[in-house]
Amino acid sequence: MDVWYPIQVKQKDKAGRPDIDSFEAAMMRTNRMKGYFISFEFSSDALREIDGFFRREHRSIIPLTVREILDETIAQKLA
């Protein structure tokens, strides 16, 4: 079965648009429709780029913060 989802984890205070751009390129190269990006926080530019990527390519990047994972509040995003 060729169904898998890429995951990127950034160990920095805030993921920015360049981080998302790189992840988008990896998703396009591997022809993935959905991926997960984990960081401590996301810049507003990063979140806008995630939205724009979905609008342009119909591919989803799910941004998850470490806090959401530790607090176990990620169920809504994963649905």
Side-chain angles (χ1 to χ4, degrees):
M1 183 177 228
D2 188 33
V3 177
W4 57 274
Y5 303 104
I7 298 172
Q8 179 150 3
V9 179
K10 282 292 182 190
Q11 187 178 347
K12 59 198 271 188
D13 289 337
K14 194 177 277 193
R17 182 179 177 156
D19 301 313
I20 301 301
D21 286 340
S22 296
F23 191 59
E24 290 172 355
M27 286 181 63
M28 297 294 285
R29 187 172 47 252
T30 57
N31 197 27
R32 299 294 103 192
M33 298 303 291
K34 185 177 188 178
Y36 297 90
F37 199 107
I38 301 167
S39 181
F40 286 104
E41 288 187 49
F42 293 89
S43 70
S44 57
D45 286 345
L47 294 174
R48 276 194 296 274
E49 181 58 29
I50 289 169
D51 183 58
F53 184 59
F54 179 75
R55 292 172 189 268
R56 287 188 311 274
E57 302 294 334
H58 306 290
R59 297 171 191 254
S60 299
I61 296 175
I62 309 300
L64 298 170
T65 65
V66 173
R67 176 60 46 209
E68 289 172 320
I69 294 169
L70 293 176
D71 289 345
E72 299 179 4
T73 61
I74 60 173
Q76 292 176 356
K77 285 190 171 185
L78 297 179

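Small disclaimer: the values here were computed from a predicted structure and weren't measured.
- For the residue pair Arg32 and Pro6, the shortest heavy atom distance occurs at CG-CD, 3.6 Å.
- With a 4.5 Å cut-off on side-chain heavy atoms, Thr30 and Trp4 count as touching.
- For Arg17 and Glu24, the salt-bridge test fails: no basic side-chain N is under 4.0 Å from an acidic carboxylate O.
- Closest non-hydrogen pair, Ala15 versus Ala46, comes out as O-CB, 3.6 Å.
- A single hydrophobic cluster is seen to contain both Ile62 and Ile38, as judged by linkage of ILVMFWY side chains at heavy-atom distances under 4.5 Å, directly or through other members.
- Thr65 places a side-chain N or O within 3.5 Å of a backbone atom of Glu68 that can act as its donor or acceptor partner.
- Distance check: Lys12 NZ to Glu41 CD gives 12.5 Å after rounding to the nearest 0.5 Å.
- Atoms CD1 and OH, from Ile69 and Tyr36 in turn, are 11.0 Å apart once rounded to the nearest 0.5 Å.
- With hydrogens and angles disregarded, no donor-acceptor distance shorter than 3.5 Å links the side chain of Arg59 to the backbone of Phe53.
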(request) Check the pair Asp19, Phe37 against side-chain contact (heavy atoms from CB on, under 4.5 Å), reporting the backbone distance first and the verdict last. (result) CA-CA 9 Å; Asp19 301 313; Phe37 199 107; 3.8 Å; yes

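- Under the 4.0 Å criterion applied to side-chain N and carboxylate O atoms, Asp45 and Arg48 are assigned as salt-bridge partners.
- When all heavy atoms of Lys14 and Ser39 are compared, the closest pair comes out as C-OG, 4.1 Å.
- Taking CZ of Phe54 as the start and CE of Met33 as the end, the distance is 8.5 Å to the nearest 0.5 Å.
- When the shell of 6.0 Å around CG of Asp71 is examined, it contains more than 12 heavy atoms from other residues, nucleotides or ligands.
- Distance check, rounded to the nearest 0.5 Å: NZ of Lys10 to CZ of Phe40 gives 13.0 Å.
- No more than 12 heavy atoms of other residues, nucleotides or ligands sit less than 6.0 Å from atom CZ of Arg55.
- Leu47 and Ile20 fall within the same hydrophobic cluster, defined by Ile, Leu, Val, Met, Phe, Trp and Tyr side-chain heavy atoms under 4.5 Å apart, directly or through other members.
- A continuous path of ILVMFWY side-chain contacts below 4.5 Å connects Leu70 to Ile7, so both sit in one hydrophobic cluster.
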